[in-house]
J.: 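One structure, as structure tokens, below. Some questions next.
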Amino acid sequence: MDLSLSTRTVGDRTVVEVGGEIDVYTAPKLREQLVELVNDGSFHLVVDMERVDFLDSTGLGVLVGGLKRVRAHEGSLRLVCNQERILKIFRITGLTKVFPIHTSVEEAVAATD
Amino acid sequence: MATVELRFSALPEHVRTARLVAAAVARRAGVDEAVLDEVRLAVGEACTRAVGLHQAAGITAPVRVALVEEEKQFSIEVGDEAPRTVPTAADGQPLPEDPEAEGEDEMGLAVISGLVDDVEVSSSESGGLIRMSWPTTS
């Protein structure tokens with residue numbers, strides 16, 4: 001199992017669909033993708049994690065890094081996740097207070113606050 | 001007391017292998033299915049931290065993982081050989097800290113302590129050890 005990444009544009013948002021395992025080995029690929037998007041001028045990101053099977057603190061670190069980058073451009077980084085085992089990791093690290101977490105891509109794309 | 005031991009070179013790609021082996025042995029030992037996700041995540045965090053410490057210190061020795069099936073509990077020990085002294089450059093000056101790496105290390109420990117009720121973290125001049133255990137049903 002590796003990491004899969006694909007991006008698409010919905011209005012002024014860029015949706016990054018992530019699948020597979022985000023860990024110490026694969027997280028650098030996600031970091032590169034987020035950095036590249038911000039460098040190319042995409043500052044409103046939606047990271048769809050519905051197909052993520054595993055997430056660890058390295059992956060959390062990459063998402064926090066992405067948030068820092070988009071915020072530097074007054075952008076946003078929203079997450080889509082309904083999986084309890086992934087949501088649990090955000091809860092125990094207190095990151096549910098840092099990331100807006102949505103139940104669907106549609107909801108995340110429509111969100112403005 | 002049955003033990004499975006794993007030693008792997010301090011490379012990120014082997015952390016997944018450690019997670020898979022740990023989960024397989026935990027399941028066999030009778031750890032509840034609902035807890036296996038936690039075991040997988042906790043051992044991954046501990047191994048990631050050990051790999052980071054070995055790489056940062058240029059240690060070529062492998063990371064050690066011991067999976068121990070005891071009566072009524074299953075324990076995992078992840079050991080590294082990174083000495084816990086203040087790192088200094090060749091000229092004796094303290095090395096500049098990498099704030100991002102430091103933060104990730106702390107986040108890994110935060111995840112472990114949030115997940116596992118029974119956890120001990122110790123360190124000495126010869127390295128560190130994270131010991132975690134879970135109850136078993138069989």
Side-chain angles (χ1 to χ4, degrees), chain A residues 1-5 18-35 38 49-72 77 79 81-99 101, chain B residues 8-24 32-56 63 65 78 80 98-117 119 121 130 132:
Chain A
M1 180 66 73
D2 209 342
L3 185 75
S4 69
L5 292 168
V18 190
E21 301 188 340
I22 312 176
D23 73 352
V24 64
Y25 179 52
T26 61
K29 288 179 205 162
L30 178 60
R31 180 186 288 124
E32 276 168 34
Q33 173 75 83
L34 296 179
V35 168
V38 173
M49 305 186 64
E50 282 301 90
R51 290 175 52 242
V52 170
D53 303 311
F54 181 87
L55 173 74
D56 73 1
S57 65
T58 326
L60 293 177
V62 168
L63 292 172
V64 171
L67 184 66
K68 272 171 64 180
R69 283 189 172 84
V70 294
R71 279 192 177 163
L77 193 156
L79 304 176
C81 183
N82 292 295
Q83 302 186 69
E84 185 49 38
R85 60 177 177 176
I86 304 288
L87 290 170
K88 184 177 183 180
I89 305 162
F90 286 95
R91 274 202 296 274
I92 61 175
T93 51
L95 289 172
T96 44
K97 298 187 191 79
V98 176
F99 291 103
I101 301 178
Chain B
F8 64 93
S9 301
L11 296 169
E13 54 264 49
H14 296 326
V15 172
R16 178 170 187 265
T17 305
R19 288 201 303 269
L20 294 174
V21 173
D32 195 82
E33 283 291 324
V35 187
L36 287 179
D37 272 340
E38 294 175 13
V39 172
R40 213 184 325 262
L41 182 55
V43 76
E45 294 292 352
C47 289
T48 297
R49 183 170 177 271
V51 166
L53 290 168
H54 276 211
Q55 289 195 337
V63 171
V65 183
V78 178
D80 65 73
D98 179 348
E100 199 160 328
E102 180 77 13
E104 280 182 10
D105 177 37
E106 283 172 15
M107 190 125 72
L109 280 182
V111 170
I112 291 172
S113 49
L115 278 178
V116 190
D117 294 331
V119 56
V121 181
I130 296 180
M132 309 170 275

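Quick note: numbers below take in every heavy atom, side chains included, and nothing from hydrogens, waters or symmetry partners. The sequence lines fix the lettering, A, B, ..., with proteins before strands; numbering per chain opens at 1.
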J.: Quick one: pull up OG1 in A/Thr58 and CD in B/Glu45 and give me the separation to the nearest 0.5 Å.
T.: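 Between A/Thr58 OG1 and B/Glu45 CD, I get 6.0 Å after rounding to 0.5 Å.
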J.: Below 4.5 Å from any heavy atom of chain B, which atoms of A/Ile89 appear? Answer side chain, backbone, both or neither.
T.: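 For A/Ile89, the contact with chain B is made by the side chain alone.
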J.: I'd like to check A/Asp23 versus B/Arg19 (side-chain heavy atoms, cut-off strictly below 4.5 Å). Are they in contact?
T.: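 A side-chain contact under 4.5 Å exists here.
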J.: Would a 4.5 Å heavy-atom cut-off, applied to side chains only, mark A/Val24 and B/Val51 as touching?
T.: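 They are not in contact (no side-chain heavy atoms under 4.5 Å apart), so the answer is no.
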J.: Side chains of A/Asp56 and B/Val111: closer than 4.5 Å at any heavy-atom pair?
T.: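 A/Asp56 does not reach B/Val111 side chain to side chain.
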J.: What pair of heavy atoms forms the shortest contact from B/Gly108 to A/Ser57, and how long is it?
T.: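 Residues B/Gly108 and A/Ser57, closest heavy atoms: CA-OG, 3.5 Å.
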J.: To the closest 0.5 Å, what do you measure between CZ (B/Arg40) and CZ (A/Arg85)?
T.: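 One gets 7.0 Å once the value is rounded to the nearest 0.5 Å.
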J.: Would B/Arg16 and A/Tyr25 count as a cation-pi pair here, with the cationic atom under 6.0 angstrom from the ring centre and within 45° of the axis?
T.: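 No cation-pi geometry.
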J.: Would you mind checking which part of B/Leu11 comes under 4.5 Å of any heavy atom in chain A, side chain (CB onward), backbone (N, CA, C, O), both or neither?
T.: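 Neither part.
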